[in-house]
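These notes are about the structure you will find just below.
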Amino acid sequence: MKSRSATPIRIAKGSYIGVSILLCIAGITMMCLPNLSVNVIGTLFGILMIGLGTVKLLGFFSRDLFRLAFQYDLQFGILLILFGAVMLFKTENVMNFLTVALGMLITADCLFKLKTSIEAKHFGIKNWWLTFALAIINGVLGITIMFWPQGAVTTITIILGVMLLADGILNLCVAISMIKIVKHQKVDVINAEYREI
């Protein structure tokens, strides 16, 4: 039986880890430099969301072995790319849009990751509980930012930084524990002949 190349999943996993690290760095930067201009914040988030959306699409089409990490990423990847494009080209009132839209995106992503972690438990993945716990924490942060009263931009920037850092850690956990690379993975379609007896 023909083996499938592991190159697409290697690229997807490496890209997922890379973008997750960038999310962590961006989160730390926003916490340390809360006085960034609104335009810089909008551009930063736009680039990050387009990058993350692209990686999610790469992952979806890579056909990883367990089909856990990227199973919901076709729709979510497209949504993130659209969200990133809005952030890049519509910088006016960016903070109001950002807090609500990002809160909703992170909350939705956490719901998908909760389901993924439960499925990972059934697959026998030992660290499923870590993804579960991090998804709950991220979900609480997402809901919090959606209903956060509009106030000082510096405070919102710090909270957004915490959210980015938490989301980056969650994505790293998913990438490391749930994306498995098998060198000689078989293709999905099995050619067989059947006869009635």
Side-chain angles (χ1 to χ4, degrees), residues 4-27 30 41-91 94 97-120 123 125 128 131-132 134-139 141-143 145-146 160 163-182 185 188:
R4 180 171 39 207
S5 171
T7 303
I9 190 62
R10 285 184 196 281
I11 292 169
K13 183 174 183 174
S15 301
Y16 204 69
I17 290 171
V19 169
S20 299
I21 291 169
L22 286 176
L23 286 172
C24 292
I25 292 169
M30 290 180 73
I41 293 170
T43 303
L44 176 68
F45 269 91
I47 292 169
L48 285 173
M49 296 304 105
I50 290 172
L52 185 58
T54 304
V55 168
K56 283 182 176 289
L57 290 178
L58 278 173
F60 180 81
F61 290 110
S62 70
R63 316 269 320 209
D64 66 302
L65 181 62
F66 291 158
R67 309 284 200 282
L68 285 173
F70 301 118
Q71 62 181 318
Y72 305 109
D73 284 356
L74 175 63
Q75 303 88 340
F76 210 70
I78 293 169
L79 188 61
L80 282 170
I81 290 170
L82 291 173
F83 174 72
V86 170
M87 295 300 302
L88 283 177
F89 299 111
K90 291 279 189 181
T91 53
V94 73
F97 172 76
L98 185 59
T99 54
V100 175
L102 188 64
M104 290 175 71
L105 283 172
I106 286 187
T107 303
D109 188 42
C110 291
L111 292 173
F112 290 133
K113 286 197 168 76
L114 282 173
K115 186 173 187 306
T116 299
S117 66
I118 292 167
E119 291 171 355
F123 271 91
I125 295 174
W128 69 271
T131 299
F132 188 87
L134 289 170
I136 289 175
I137 292 168
N138 274 19
L141 288 170
I143 292 167
I145 197 68
M146 277 192 287
L160 290 172
M163 284 178 56
L164 278 182
L165 178 61
D167 197 49
I169 292 169
L170 173 59
N171 288 334
L172 270 175
C173 178
V174 169
I176 292 169
S177 65
M178 294 186 193
I179 302 173
K180 302 298 179 189
I181 298 172
V182 178
Q185 184 179 349
D188 291 337

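Positions are given from 1 along the sequence. Since we're looking at a predicted model, the values are computed, not measured.
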Open item on the list: Any non-hydrogen side-chain atom of Asn171 less than 4.5 Å from a side-chain atom of Val19?
Closed with: no
Open item on the list: Run Leu172 and Ile17 through side-chain contact (heavy atoms from CB on, under 4.5 Å) and show every step you take.
Closed with: CA-CA 6 Å; Leu172 270 175; Ile17 290 171; 3.8 Å; yes
Task: Candidate list Leu74, Leu52, Leu80, test side-chain contact (heavy atoms from CB on, under 4.5 Å), partner Leu57, passing option - done: Leu74
- [ ] Report yes if some heavy atom in the side chain of Cys110 is under 4.5 Å from a heavy atom in the side chain of Ile106; otherwise report no.
- [x] yes
Task: Sub-4.5 Å side-chain heavy-atom contact between Trp128 and Glu119 - done: no
Task: From Leu79 atom CG to Lys56 atom NZ, the distance as rounded to the nearest 0.5 Å - done: 10.5 Å
Task: Atom pair CG (Asp73) and CZ (Phe61), whose distance is rounded to the nearest 0.5 Å - done: 10.5 Å
TODO: Check Leu58 against Ser15 and note the closest heavy-atom contact, atom names and distance.
DONE: CD1-OG, 4.3 Å
- [ ] Measure the spacing between OG1 of Thr131 and CD1 of Ile118 and express it to the nearest 0.5 Å.
- [x] 11.5 Å
Task: From Leu102 atom CG to Thr107 atom OG1, the distance as rounded to the nearest 0.5 Å - done: 9.0 Å
Task: Side-chain heavy-atom pair Asp109, Asp167 within 4.5 angstrom cut-off - done: yes
Open item on the list: Applying side-chain contact (heavy atoms from CB on, under 4.5 Å) to Lys113 and Asn138, what does each step give before you reach the verdict?
Closed with: CA-CA 10 Å; Lys113 286 197 168 76; Asn138 274 19; over 6 Å; no
Task: Thr116 and Val174, any side-chain heavy atoms less than 4.5 Å apart - done: no
Task: Phe83 side, atom CZ; Leu88 side, atom CG - distance, nearest 0.5 Å - done: 10.5 Å
Open item on the list: Around atom CE of Met146, are there more than 12 heavy atoms from other residues, nucleotides or ligands closer than 6.0 Å?
Closed with: yes
Task: Spacing of CG belonging to Leu170 relative to CG belonging to Leu165, to within rounding of 0.5 Å - done: 11.5 Å
- [ ] Output every pair passing side chain to side chain donor-acceptor pair (under 3.5 Å) with a member in residues 74-83, not counting sequence neighbours, ordered by first then second residue.
- [x] none
- [ ] Determine, stepwise, if the pair Leu105 / Phe76 fulfils side-chain contact (heavy atoms from CB on, under 4.5 Å).
- [x] CA-CA 9 Å; Leu105 283 172; Phe76 210 70; 4.2 Å; yes
Open item on the list: So Phe45 and Leu164, do their side chains get closer than 4.5 Å, heavy atoms only?
Closed with: yes
